[in-house]
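The structure appears right after this line, and notes come after that.
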Amino acid sequence: MTLEQLNAPQRQAVALEEGHALILAGAGSGKTKVLTTRIAWLISNQSVSPLSILAVTFTNKAAKEMQSRVAAMLPIDTRGMWIGTFHGLCHRMLRAHSRDAQLPQTFQILDSTDQLALIKRLLKANSIDQEKYPARDIQRFISSCKEQGQRPDAVAPEDPYSRRLVEIYALYEAQCQREGVVDFAELLLRALELLQRHEAVRSHYQQRFRHILVDEFQDTNSLQYQWLKLLAAGGARLFAVGDDDQSIYAFRGANVGNMTDFEHHYAAGNVIRLEQNYRSHGHILDAANALIAQNTGRLGKNLWTDAGQGEPVRVAQLPSDHAEAQWVLDEIRALRDEGLDHQQMAILYRSNAQSRVLEHALFTAGIAYRVYGGLRFFERQEIKHALAYLRIVHRIDEDSSFLRVVNFPARGIGARSIEALNDQASRNQTSLAQAVAHVAGKAGSALAQFVMLIQKTSQEVFVLPLSEAVDHVIEVSGLRTYYRTQRDGSERIENLDELVNAAKVFELEQDLAGLPCGQRPIASDPESGESMTPLEAFLSHAALESGDTQAQAGQDAIQLMTIHAAKGLEFDAVFLTGLEDGLFPHENSLYELGGLQEERRLMYVAMTRARKRLYLSLAQSRMLHGQTRYCLPSRFVDEVPEQHVKHLSQRAAVDDWLGAAAPARASGRSASGTQLSGNNGLVVGGQTFRVGQGVRHPRFGEGTILGLSGLGLDAQAQIHFLDVGTKTLALGVAKLEIIAA
DNA sequence: CGTACGCTTATTTTT
DNA sequence: TAAGCGTACG
């Protein structure tokens with residue numbers, strides 16, 4: 001194993017001989033290369049057994065990439081190695097020790113949609129007011145409790161409302177346990193508790209894993225961090241790679257504080273900074289550095305490149321969202337003429353809703369594009385139905401799946417029957433399927449027939465190989481017939497066929513060829529005794545790996561995505577659109593603790609995606625929630641130093657806009673010396689309102705104008721009041737007093 | 001039992 | 001604007 005192709009800090013990180021380490025890996029600094037090379041180096045140069053390495057990531061994509069890059073470097077079979085996502089690895093542990101984890105051997109995984117459905121069902125069954133306790137809020141509450149390691153009995157409710165939440169949480173847990181299902185957060189919490197409570201299991205893994213490598217450490221939540229710490233408590237060495245400046249997932253529980261904590265308690269003296277950037281040209285990098293320097297409490301890092309300054313960052317201001325899209329289109333054509341592939345261009349935006357206008361422009365111009373995000377394969381309705389059948393065929397007591405398909409396709413089992421069944425089940429604390437026998441109804445009832453169909457199918461299917469089993473279930477469930485009769489069903493049929501195909505691929509990948517899908521094989525991991533039937537393995541796979549978003553055709557397509565989705569990717573040219581105050585930074589973020597700084601990190605992530613060209617664009621007016629809104633430039637635009645910027649003048653267009661709409665007068669210059677809109681004043685009744693102004697309302701008190709929209713009689717302002725939150729007021733009606741510029 | 005209409009609401013998202 | 005949800009109707 002030679003480390004010649006690495007730079008000095010990379011080499012130092014890869015070949016670190018002792019202790020824990022924190023690798024601060026800037027954007028484009030070769031983070032994955034360091035991680036994979038270290039694994040290879042440990043095995044080939046330090047004679048570390050592949051079995052004693054644990055490498056953990058957040059996404060399946062990252063795990064796969066790591067797996068294959070390690071495999072390419074080493075002449076050994078890497079498949080037995082523990083490289084995977086937090087959820088995947090915890091799942092693996094729980095399968096191997098299901099008894100100790102107090103889970104049925106047949107437990108299944110709920111994705112967040114399933115979880116939400118279960119909660120709704122629970123609320124209904126317990127006659128809980130869904131207005132007062134919305135299922136979404138309950139879901140968020142339960143997840144965040146679990147992410148902090150808290151079971152219902154550990155939560156100290158402070159008021160009647162949260163006391164009720166905790167009660168619902170407890171009901172939810174009981175229901176999951178009854179059904180033998182675990183949600184995503186539960187996978188992590190159970191795995192942690194398994195290690196905490198079972199000495200033998202704990203010491204087994206503590207002794208087995210000598211090297212624990214963590215990718216994207218800044219995205220870990222406290223539960224994940226606890227799990228890592230416990231695993232490493234037996235002397236394993238933690239190797240954490242991350243970038244605090246790219247922490248953009250606080251809203252889903254990620255805790256950047258884990259990095260500081262890790263630095264203090266584990267990696268003191270072993271902090272290595274990877275600051276050489278191999279991606280972006282100088283202007284782009286310096287611009288990003290200057291922007292992120294405005295944040296406080298950073299671990300500190302300054303990216304540099306020897307690639308030369310390259311092109312300055314282009315900033316353009318357009319009169320409307322449509323004009324912005326049109327401008328992007330023009331620039332795309334120009335770049336294409338310069339020889340760039342469409343594939344190497346990305347249009348980024350803060351929120352998904354912004355893609356519509358851009359898509360429209362691209363579509364009209366006949367330019368191929370691909371939008372990231374949206375429905376994924378395993379989330380499609382027909383796929384979820386098929387999987388639900390497979391799940392109850394495997395284990396009929398799983399109520400969630402039972403309910404999903406008991407009357408789909410319709411077989412005359414209505415709300416009435418279901419209600420009776422629910423009552424019966426909760427009276428006797430049984431599953432719905434078990435309750436069928438007791439519910440008032442004859443043996444030949446539709447419900448009884450359904451249960452018989454499932455039981456019969458179970459027997460038929462368990463002796464078949466996986467893919468044939470999947471095919472058979474799709475057939476006898478009536479799904480295939482149903483979708484054949486539907487107008488829009490042909491695509492769904494194709495997806496169902498694709499599911500059979502996915503099962504076939506799974507068989508090949510997992511060496512399951514010829515194995516009956518219901519037969520528990522010899523443990524695949526003899527050390528831990530893990531063993532799943534092919535069907536169980538496939539169902540888990542489907543729950544943990546939601547699959548790609550459907551790829552639009554066209555190889556050379558422009559890439560459209562949110563900034564979040566762009567993390568980890570890179571493009572020759574990046575268009576960062578919608579740089580308007582209130583949109584980016586998003587107005588909601590301003591009321592969250594540390595919200596603005598997180599938005600700035602998001603901006604940093606976005607800028608550092610670009611290799612050669614970076615464009616920042618903003619619209620002076622934008623259609624938002626069905627209303628035209630007038631916008632000020634994002635403060636982030638001003639945070640990019642002038643020396644790295646080239647302003648693309650759109651004077652004529654701006655004047656047109658002023659002339660045509662004339663809701664306001666141009667005035668003011670921005671800090672950067674550019675003529676920015678600054679003309680956001682909206683004159684109503686002699687008063688000039690501007691975004692950012694302080695106002696007083698006789699009833700709501702003091703507030704700040706967040707946005708202005710409409711003209712004349714339709715003029716409205718979104719105002720955030722200190723006491724009552726954000727309101728939209730008609731400026732012609734509301735008696736507002738301007739108290740500050 | 002399925003559809004049609006009206007109401008509400010509106011970041012970011014992986015597992 | 002437009003999607004998602006719940007109720008009312010055929």
Side-chain angles (χ1 to χ4, degrees), chain A residues 56-63 84-91 109-116 120 130-131 134-136 140 143 146-147 182-188 191 215-216 219-221 223-224 247-254 321 348-357 360 372-374 376 378-379 407-418 446 486 540-549 561-568 578 582-592 595 598-599 601-603 605-606 622-629 707 709 718 726 728:
Chain A
V56 55
T57 65
F58 277 86
T59 64
N60 290 305
K61 193 176 157 207
T85 63
F86 278 101
H87 292 85
L89 296 172
C90 286
H91 172 246
I109 301 162
L110 292 185
D111 69 20
S112 24
T113 318
D114 300 334
Q115 184 189 26
L116 192 66
K120 282 183 182 159
Q130 301 219 27
E131 295 269 279
R136 286 219 171 271
R140 210 169 315 141
S143 297
K146 289 187 180 183
E147 273 157 21
V182 296
D183 60 48
F184 286 135
E186 184 73 25
L187 285 171
L188 304 180
D215 190 19
E216 305 275 18
D219 288 337
T220 51
N221 62 32
L223 193 51
Q224 289 157 339
S247 163
I248 55 172
Y249 285 115
F251 72 91
R252 66 176 198 213
D321 45 359
L348 309 185
Y349 34 80
R350 173 68 238 265
S351 64
N352 287 304
Q354 289 166 248
S355 76
R356 184 162 270 108
V357 179
H360 179 76
Y372 282 70
R376 284 186 286 199
F378 287 112
E379 291 168 355
N407 196 38
F408 191 95
R411 40 175 78 83
I413 300 170
R416 241 179 29 257
S417 320
I418 297 298
Q486 291 285 306
S540 299
H541 167 77
L544 283 173
E545 164 119 49
S546 36
D548 285 332
T549 62
M561 66 194 86
T562 64
I563 301 169
H564 283 89
K567 190 175 164 211
L583 199 64
F584 190 25
H586 198 281
E587 57 197 24
N588 294 359
S589 72
L590 303 180
Y591 311 116
E592 290 160 12
E598 173 136 331
E599 294 287 300
R601 290 193 293 270
L602 199 49
M603 178 77 182
V605 167
R622 178 178 298 276
M623 193 62 121
L624 210 62
H625 307 330
Q627 280 187 321
T628 304
R629 203 164 126 158
S709 53
Q718 286 85 42
T726 304
T728 301

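Residue numbers begin at 1 in each chain, while the letters A, B, ... track the order of the sequences. Treat the numbers as computed from the prediction; the structure is a model and nothing was measured.
- Rounded to whole angstrom, the span from the CG atom of A:Asn407 across to the P atom of B:dG2 amounts to 7 Å.
- A:Asp111 has no carboxylate O lying under 4.0 Å from a charged side-chain N of A:Arg376, or vice versa, which leaves the two without a salt bridge.
- Taking atom P in both C:dG4 and B:dT13, the straight-line distance is 15 Å, to the nearest Å.
- In this entry the base of B:dT11 is syn relative to its sugar, with a glycosidic angle within 90° of 0.
- Note on A:Ile413: only backbone sugar-phosphate atoms sit closer than 4.0 angstrom, heavy atoms only; bases stay farther off.
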How does protein reach along nucleotides 2-10 of chain C, written 5' to 3' as B (base within reach of a heavy atom under 4.0 Å), S (only sugar-phosphate), or - (no contact)? SS-------
How far apart are the C-alpha atoms of A:Ser112 and A:Gln115, what are their side-chain angles, what is the distance that settles it, and do they pass the side chain to side chain donor-acceptor pair (under 3.5 Å) test? CA-CA 5 Å; A:Ser112 24; A:Gln115 184 189 26; 5.7 Å; no
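- Defined by atom type and a distance below 3.5 Å, a donor-acceptor pair is present between the side-chain atoms of A:Ser540 and A:His91.
- With sequence neighbours excluded, the residues forming a ring pair (Phe, Tyr, Trp, His ring centres under 6.0 Å) with A:Phe184 are A:His87, listed by chain and number.
- Between the side chains of A:Ser589 and A:Glu592, no donor-acceptor pair is found at a separation under 3.5 Å.
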Reading nucleotides 9-15 of chain B 5' to 3', which nucleotides get B (base under 4.0 Å from a protein heavy atom), which S (sugar-phosphate only), which -? -BBBBBB
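- Residue contacts shown for A:Asp183 are absent, as no nucleic acid heavy atom lies under 4.0 Å away.
- Of the P atoms belonging to B:dT12 and C:dC5, the separation is 16 Å, rounded to the nearest Å.
- Of the residues listed (A:Ile109, A:Leu110, A:Thr85), the one engaging A:Leu187 in a side chain to side chain contact (heavy atoms under 4.5 Å, CB included) is A:Ile109, and it is the only one.
- Ring centers of A:Phe251 and A:His564: under 6.0 Å apart, within the cut-off.
- In summary, A:Arg252 and A:Glu598 do not engage in a salt bridge, as defined by a charged side-chain N under 4.0 Å from a carboxylate O.
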